[in-house]
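Taking it in order: structure first as structure tokens, then the write-up.
Throughout, residue positions are numbered sequentially from 1 according to the sequence presented.
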Amino acid sequence: MSTEDRPAAPRSLAEALRGRDDVSLGALLRSRPDLITPVPTDLTQLATRAGTRASVVRALERLDRFTLQTAEALAVAADPATYDELLGLMAGDDADPAVAHALPHALGVLREQALVWGGDDRLRLVRTARELLAPSPQHPSPTGLGPTVQEATAGMSPGRIQEIVTAAGLPSTHDSVSAVTSLTELFTDRRRMAALLAEAPADSLDVLERLVWGPPYGQVTADPAPRLRWLLDRGLLLPTAPGTVVLPREVALHLRRGLAHRTPEPVPPAVEAAAAHRPQVVDSTAAGQAYTALATVEELLKDWDEGGPAVLRAGGLSVRDLKRTAVALDVPEPVAAFWVELAYAAGLIAPDGEADERYAATPAYDEWLELPAAERWSGLVTAWLPVTRTPGLVGGRDAKDRTLSALGPGLDRSAAPEVRHRVLALLAGLPEGAAPAAESVLARLRWERPLRGAQREDNLRGRLAEWALSEAEMLGVTGRGALSAHGRALLGAPAAPAKGPEAESSGPGDKLPVHHRPTHVPTLSPAEQAVASAAAARLLTPLLPEPLDHVLLQADLTAVAPGPLRRPLADMLGVLADVESKGGATVYRFTPGSVRRALDAGQSASDLHAFLATHSRTPVPQPLTYLIDDVARRHGHLRVGAASAYVRCDDDAVLNEILADKRATGLGLRRLAPTVLAAQSDPAGLLEGLRAMGFAPAAEGAEGDVLITRAHAHRTPPRTAPEPVPDGPPVPDDTLLAAALRAIRAGDLASTTPRKPGTAPEVNGELPRTSSAETLATVQAAVLTGEALWIGYVNAEGAASQRVIAPIRVEGGFVTAYDHTADEVRTYPLHRITGVAELADDAG
């Protein structure tokens with residue numbers, strides 16, 4: 001291709017974007033969705049927005065370590081730089097082949113994200129990115145490099161510069177500019193520089209060695225030591241302020257053998273497996289954890305069935321209520337916070353909205369309970385994957401030093417879903433049954449997002465990864481640290497890579513390096529996630545234990561449930577007995593109080609005997625039969641009603657016994673009749689007091705009927721699950737992206753179409769301005785000649801735009817024209833056209 005045929009190099013980022021096709025522009029807008037919020041009017045505005053500080057910072061934060069190192073190298077290179085210069089800064093004099101292999105991809109990413117533009121002979125880093133990444137005394141560069149000779153000598157006296165040039169063995173010049181250029185050429189000439197340093201005293205070289213990898217600044221006294229004086233005289237150290245010197249960038253690069261970074265990292269660190277297990281063991285362990293997760297959530301909701309803890313005025317659970325919930329679930333408080341937040345994220349609990357607001361189960365909880373166990377599990381995990389609320393922060397302090405509470409504000413972290421998905425994707429890349437070393441996962445995440453690592457909120461990204469590993473294990477997505485088959489299906493991940501010889505293990509503690517890049521795991525749309533969740537539920541179903549319809553009654557007034565119980569049996573047994581221990585088998589204990597609870601719920605002694613006989617695989621023990629009959633015989637013998645309250649009994653000896661008991665003093669009892677006692681306390685207090693004394697009273701209504709007391713479920717109005725807080729603008733879908741590209745191209749066509757001299761504004765982007773009469777005359781003439789016009793247009797919302805139209809007809813105050821920018825026929829009110837301009841004769 002001749003020089004004349006070769007396309008001209010772009011002179012700006014806008015021109016570089018103008019040369020891209022729609023596929024390339026679409027990739028830019030997907031990777032940086034903030035650029036189309038709102039949609040820019042043309043490519044010039046898109047380029048301007050791509051260079052704003054906020055947008056550039058966001059784009060830099062999403063770069064991996066090597067791509068960021070490439071950008072940092074361009075920030076310390078000449079502007080513009082060639083590809084060979086960049087390769088030298090990244091690979092050094094030794095030309096590291098791994099760096100040379102990875103550099104084109106890294107540079108391609110920077111170009112795609114509009115952080116770098118220009119050909120390989122003129123690479124330019126966006127100015128804002130250069131300002132952020134270039135070294136300065138206030139913001140040292142990660143490269144550890146200092147200013148260039150030209151930057152460090154700015155403001156230095158011409159005489160001092162000439163002294164440095166002479167001491168370095170260079171001929172003196174007539175001006176400072178040529179002197180600085182001569183000194184720079186010396187420091188960048190490897191052969192001459194090596195000869196100069198060969199003359200340096202050993203202790204002077206030691207000083208350079210301490211500064212070469214940064215920080216490049218050092219302190220000197222007013223009378224420097226000879227080893228420093230030798231360096232200062234030759235410009236190998238340059239003063240930047242009184243008492244401060246700096247190692248010039250060119251000198252440091254020579255001493256580093258051309259490297260901008262001490263350790264370029266072109267290859268991501270491998271995720272190492274810490275242990276290997278049989279896949280069947282992993283799946284069965286994960287299934288056990290999944291069953292425990294379901295049981296825990298059900299127990300939590302059962303505890304809150306009649307209305308849970310009160311909502312704090314600022315929102316959330318109090319510390320006391322969280323502790324009580326942790327005791328009820330028999331888990332540590334951080335774990336209790338996780339289960340509470342998970343139930344909230346799944347839409348199973350919410351505030352009830354009453355004046356005395358409390359947390360309670362939602363109507364969705366009743367629907368969830370009716371689902372098969374595997375579907376209930378997939379519903380919980382599907383809610384967990386995208387949630388931004390972070391229970392690991394509970395108990396910490398916010399920016400205003402307020403305690404963060406469970407279910408309260410301030411727990412959203414928009415990075416949580418992305419970190420959670422990435423951690424699970426890394427696990428999916430390991431062979432089946434391989435559990436990763438946690439530190440290798442964290443190291444990989446630090447490499448993938450270095451700017452979102454330790455510099456942010458006490459390494460929040462690392463803590464999110466650790467919480468993701470822990471929560472995945474509690475939920476049964478992983479088992480023994482390895483991703484389960486149903487967990488892999490939940491992610492929509494492909495089959496695990498085959499286990500190689502290096503992945504064989506003789507024990508769970510073996511260290512197993514896995515040398516391959518993890519499998520790519522796509523981010524699923526809601527529809528795709530629903531399909532994946534159904535597939536995960538199908539895989540989990542055969543691994544979960546079947547609910548049982550029986551228990552084993554024992555002579556010590558206990559019942560053993562050897563597995564999960566069917567819901568009616570579990571509900572009834574939960575009323576009739578108290579849970580004594582949990583685990584693989586649940587032990588229930590029958591007590592007078594638990595039997596009385598069943599009688600209060602409306603059951604009769606015969607009902608209880610029949611229930612136990614039906615559901616026990618062992619004969620009903622005689623002690624249990626006696627217990628039920630004894631409690632039933634005394635149940636309701638005393639009647640409590642409202643006087644404030646009263647007690648009545650056909651046996652006056654029992655009432656005499658109550659009056660004689662010192663524990664009845666606080667009830668304020670007095671005899672009204674041989675069979676009636678009046679009390680000062682309310683009926684509920686009187687019932688509790690008599691039960692504490694060992695009696696079994698029953699409440700009665702105004703007609704003297706026994707009141708049956710059943711637990712009344714308390715439900716909130718229908719509530720939706722909390723929406724995740726997005727991490728910036730959402731990635732545009734294909735429809736929005738196509739519309740945005742069309743609008744940007746249209747606006748760019750309107751703003752760049754050549755206009756006839758003298759008819760267009762001098763300022764680029766300014767709308768044409770003509771009078772109403774001129775506008776009408778020009779449009780009418782264009783209808784007759786068939787020529788296209790450039791117009792300025794303001795819509796009903798006040799938004800201004802430029803358009804290229806070919807008028808078809810003008811009537812009734814409207815012009816109907818083919819709009820080249822929209823590629824369709826449209827009608828415009830003439831009064832909204834700010835002005836018109838004729839296009840140049842050679843406009844395409």
Side-chain angles (χ1 to χ4, degrees), residues 8 10-12 14-15 17-22 25-26 29 35-49 735-844:
R11 295 172 297 174
S12 65
E15 285 193 13
L17 294 178
R18 202 163 281 126
R20 292 191 181 192
D21 57 19
D22 283 355
L25 274 181
L29 298 180
L35 298 183
I36 58 170
T37 309
V39 176
T41 57
D42 53 33
L43 288 171
T44 300
Q45 189 179 90
L46 177 64
T48 302
R49 193 175 296 173
T735 303
L736 174 60
L737 194 63
L741 287 173
R742 185 177 177 181
I744 293 171
R745 292 286 193 196
D748 201 60
L749 173 64
S751 63
T752 58
T753 301
R755 265 75 80 177
K756 285 185 178 180
T759 63
E762 297 295 331
V763 180
N764 187 30
E766 183 180 337
L767 297 180
R769 297 286 179 181
T770 55
S771 66
S772 300
E774 290 174 323
T775 298
L776 180 60
T778 305
V779 171
Q780 288 174 334
V783 171
L784 298 176
T785 61
E787 294 181 349
L789 298 175
W790 175 55
I791 68 169
Y793 181 73
V794 179
N795 64 15
E797 287 75 32
S801 61
Q802 307 175 56
R803 300 180 180 276
V804 176
I805 65 171
I808 300 172
R809 64 176 178 272
V810 180
E811 58 184 6
F814 292 87
V815 55
T816 301
Y818 176 77
D819 190 329
H820 288 276
T821 57
D823 194 24
E824 63 183 12
V825 175
R826 290 185 174 181
T827 300
Y828 298 102
L830 282 171
H831 71 276
R832 292 194 177 279
I833 297 177
T834 65
V836 295
E838 299 179 25
L839 302 182
D841 294 334
D842 58 347

Heavy-atom side-chain contact between [X] and [Y] under 4.5 Å:
X      : Y      : result
Pro40  : Leu35  : no
Leu29  : Leu741 : yes
Leu46  : Leu25  : yes
Thr834 : Val794 : yes

Side chain to side chain contact (heavy atoms under 4.5 Å, CB included) partners for [X], two or more places apart:
X      : answer
Thr37  : Pro729
Leu736 : Pro732, Asp733
Leu776 : Gln780, Val810, Leu830
Ser12  : Ala14, Glu15

Can you tell me how far the [atom1] atom of [X] sits from the [atom2] atom of [Y], to the nearest 0.5 Å?
X      : Y      : atom1 : atom2 : result
Arg49  : Thr44  : CZ    : OG1   : 12.5 Å
Ile805 : Tyr818 : CD1   : OH    : 12.5 Å
Tyr828 : Ile833 : OH    : CD1   : 8.5 Å

Which residues satisfy the side-chain hydrogen bond (donor to acceptor under 3.5 Å, both in side chains) test with [X], sequence neighbours excluded?
X      : value
Thr775 : Thr770
Thr48  : none
Ser772 : none

Check step by step if side chain to side chain donor-acceptor pair (under 3.5 Å) holds for Thr816 and Arg826. CA-CA 6 Å; Thr816 301; Arg826 290 185 174 181; over 6 Å; no
May I ask you to decide whether Arg745 forms a salt bridge with Asp42, counting only side-chain N to carboxylate O separations under 4.0 Å?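 Looking at Arg745 and Asp42, the cut-off is not met.
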Taking all atoms of both residues into account, what is the closest heavy-atom pair of [X] and [Y], and its distance?
X      : Y      : result
Pro807 : Leu789 : CG-CD1, 3.9 Å
Pro829 : Tyr793 : CD-OH, 3.6 Å
Val39  : Ile744 : CG1-CG1, 4.0 Å

Only pairs at least two apart or in different chains count here, so list each salt bridge (charged side-chain N to carboxylate O under 4.0 Å, His left out) that has a residue in residues 804-814.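 Pairs touching residues 804-814 that pass the test: Arg809-Glu811.
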Provide the full list of salt bridge (charged side-chain N to carboxylate O under 4.0 Å, His left out) pairs with a residue in residues 770-784, sequence neighbours left out, each pair given once.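 For residues 770-784: none.
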Apply side-chain contact (heavy atoms from CB on, under 4.5 Å) to residues Val825 and Ile808 and explain how you reach the verdict. CA-CA 9 Å; Val825 175; Ile808 300 172; 4.3 Å; yes
